Every structure is written in C-alpha cells, then in structure tokens.
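Being a predicted model, the structure only gives us computed values, none of them experimental. By convention in this document, chain letters (A, B, ...) are assigned in the order of the sequence lines, proteins followed by strands, and residues within each chain are numbered from 1.
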Amino acid sequence: MTHRTTEAYVAAVLDVVEQVPRGRVTTYGAIAEAVGGGPRQVGNVLARHGGPVPWWRVVRADGSLPPSHLEEAQQRYLEEGTPRRAPGRLDMPAAYWDPVTRT
DNA sequence: TAGATGACTCCGG
DNA sequence: ACCGGAGCCATCT
C-alpha cells in the first residue's frame, strides 16, 4: 500500500461521487476542483477505490466516457435515463451536475 | 533519485 | 468533428 493519497482524500472523492444524483453526471475535473488535487489523481482514486460507488456517473469533460467498463456504464445510462447525444456520448449541458454548487 | 504511466484537460491545426 | 501535443498530480518501477 504505497499510496500517499490519504484515506481522507479517497473518502472525500467517493463521497462526492455518491452525491451525484441519478440520471446526472459530473467530471473528473469538477471533482478535482471540489476536493483538491488534479483530475488525473481523481481518476486514479476511482480506478483503485471506485468499486462501491456509482463511478459511471463520472465522465470526461467533453462528455465522452472513460475507456473502461463502457458496456456497463452505457447500460446504467439507459436505466437512469441520462441525457445522451449519441451512444457513448452524453448531453453534458443537460446531464452535468456540479459538485460545488450542487446543481 | 529519475523516468515512465494513467478511469484527465486544454488548446491549436 | 477528429487528432496531436503540452501541462498536471500522485503512484509505480
């Protein structure tokens, strides 16, 4: 366990992800702005400890999906009715949820 | 200690 | 709209 990413930081990131409403999404960058650090670190935290949280509600800034677990994520979007412009591409203006303003 | 790597973003062509 | 390069933060080898 050679990780300097503190448990507190991990917990903060996971907490934000859990707060994303059903049918909405947020971005790595937005979470980074909310809890600190950088987008890549957030991605790393989700990759390592994102199992128990709705990680599919976290996407890239341009609305494209992470190159991982695409099938399951898309299935979730269909179930939750997440606004999408194309298969594998979301309607960000409509689906985006900001972790800071919580809107 | 230095260099490479990654579930990222931004900017230019 | 698609592709490539530079910047960033922490981890890994």
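Taking OG1 from Thr27(A) and CZ from Arg57(A), the interatomic distance works out to 15.5 Å, rounded to the nearest 0.5 Å. For the atom pair Trp56(A) CH2 and Glu80(A) CD, the distance stands at 6.5 Å (nearest 0.5 Å). How far CZ of Arg89(A) is from CZ of Arg60(A): 10.0 Å, rounded to the nearest 0.5 Å. Residue Leu14(A) holds its CG atom at 6.5 Å from CG of Leu46(A), rounded to the nearest 0.5 Å.
Atoms CD1 (Ile31(A)) and P (dA7(B)) sit 15 Å apart, rounded to a whole Å. In this structure, Asn44(A) places its CG atom 18 Å from P of dA4(B), rounding to the nearest Å. Atom CG of Leu70(A) and atom P of dA7(B) are 13 Å apart (whole Å). In this structure, Gln41(A) atom CD and dT11(C) atom C1' are separated by 10 Å, rounded to whole Å.
Annotation for Gln74(A): atom CD counts as buried by contact number, over 12 foreign heavy atoms lying within 6.0 Å. The number of heavy-atom neighbours closer than 6.0 Å to CD of Glu71(A), taken from other residues, nucleotides and ligands shown, is 12 or below.
For residues 89-103 of chain A, proximity to DNA chain B is found at no residue, defined as any non-hydrogen atom under 4.0 angstrom from a strand atom.
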For nucleotides 9-13 of chain B, list the nitrogen or oxygen atoms of the protein found under 3.5 Å from its nitrogen or oxygen atoms, one pair per line.
residue : atom : partner  : partner atom : Å
dT9(B)  : OP1  : Tyr28(A) : N            : 3.2
dT9(B)  : OP1  : Gly29(A) : N            : 3.2
dT9(B)  : OP1  : Ala61(A) : N            : 3.4
dT9(B)  : OP2  : Ala61(A) : N            : 3.0

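Under 4.0 angstrom from either OP1 or OP2 of dA6(C) there lies no side-chain N or O belonging to Arg40(A).
Closest heavy-atom contact between Tyr96(A) and Pro99(A): OH-CD, 4.2 Å. Ala34(A) and Val100(A) make their closest contact through CB-CG2, 4.0 Å (heavy atoms, listed as atom of the first residue, atom of the second, distance).
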